[in-house]
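Worth saying up front: this structure is predicted, and the values here are computed from it rather than measured. Whatever order the structure lists ligands and atoms in, that order sets their numbers, starting from 1.
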Amino acid sequence: MKIGRLNHIGVATPSIEQSVATYRDVLGASAIGTPFDMPEQGVRVCFVDAPNCQIELIEPLGADSPIVNFLAKNPLGGQHHVCFEVADIDEAREWFEGKGARILGDTRIGAHGTPIFFLHPKDMGGVLTEIMETPKQAH
Ligand code: CO
């Protein structure tokens with residue numbers, strides 16, 4: 001297994017609207033997607049394109065959202081996870097299991113519509129790490 005490109009950095013925020021304003025008005029980002037709900041993941045998501053990577057803004061959706069605790073500790077929001085692409089998600093899962101890295105839950109469909117899973121930050125140097133299968137279309 002070989003790690004692929006950094007696809008996005010997940011940034012938790014209490015307000016996608018406020019964060020979008022910061023990326024647009026302060027950082028000068030011009031390619032900002034439309035926010036959308038992912039009820040099965042408990043988050044609302046909005047992608048901001050930088051030239052080499054995306055920022056994935058994630059806002060809690062519902063009281064039992066998985067990022068509620070993160071925002072309780074980081075009320076302004078903050079860096080939540082990094083996401084690397086792999087060619088084959090099943091091969092990657094087997095690889096990480098073989099390395100003893102804990103995988104958080106099942107492989108599921110992520111915000112890009114491709115399969116993803118998360119690796120426990122305690123096995124990844126303190127960084128919550130998302131692994132996603134590379135979208136079939138080129139970027
Ligand atoms: Co992500």
Side-chain angles (χ1 to χ4, degrees):
M1 213 269 326
K2 210 169 137 190
I3 200 166
R5 95 190 246 288
L6 176 66
N7 181 277
H8 64 264
I9 296 170
V11 173
T13 173
S15 164
I16 281 180
E17 280 65 32
Q18 278 180 24
S19 290
V20 161
T22 301
Y23 277 90
R24 185 189 56 221
D25 302 338
V26 182
L27 284 160
S30 55
I32 298 174
T34 304
F36 59 97
D37 292 350
M38 295 194 72
E40 62 288 347
Q41 316 274 0
V43 288
R44 183 166 172 76
V45 176
C46 182
F47 285 106
V48 177
D49 289 353
N52 62 338
C53 185
Q54 286 183 310
I55 300 296
E56 179 189 47
L57 299 172
I58 46 178
E59 181 188 300
L61 185 67
D64 52 358
S65 168
I67 61 170
V68 162
N69 289 341
F70 182 91
L71 286 171
K73 288 182 210 148
N74 306 275
L76 295 175
Q79 294 171 40
H80 182 261
H81 65 271
V82 298
C83 177
F84 292 104
E85 295 180 5
V86 294
D88 183 310
I89 200 79
D90 296 325
E91 183 198 340
R93 202 172 166 105
E94 266 179 49
W95 169 269
F96 286 114
E97 278 168 353
K99 295 288 178 189
R102 279 163 286 181
I103 297 174
L104 299 166
D106 296 329
T107 300
R108 49 199 181 273
I109 299 300
H112 289 85
T114 68
I116 62 118
F117 59 78
F118 283 91
L119 295 164
H120 200 298
K122 285 191 176 160
D123 296 328
M124 298 300 293
V127 180
L128 177 61
T129 302
E130 180 181 359
I131 301 296
M132 83 177 253
E133 195 164 276
T134 306
K136 295 293 176 241
Q137 289 177 339
H139 292 274

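When distances from the Co ion (ligand 1) to the N, O or S atoms of E56 are compared, OE1 comes out shortest. Nearest N/O/S atom of E130 relative to the Co ion (ligand 1): this is OE1. Among the heteroatoms counted here (N, O or S) of H81, NE2 is the one nearest to the Co ion (ligand 1).
For the atom pair CD1 (I116) and CG (D106), the distance works out to 10.5 Å, reported to the nearest 0.5 Å. Taking CZ from F47 and CZ from F36, the interatomic distance works out to 5.0 Å, rounded to the nearest 0.5 Å.
Remark: Q79 CD is loosely packed, at most 12 non-hydrogen atoms of other residues, nucleotides or ligands lying under 6.0 Å away.
P121 and L128 make their closest contact through CB-N, 3.6 Å (heavy atoms, listed as atom of the first residue, atom of the second, distance).
Note on H80: not counted as a metal contact of the Co ion (ligand 1), no N/O/S atom lying under 2.8 Å.
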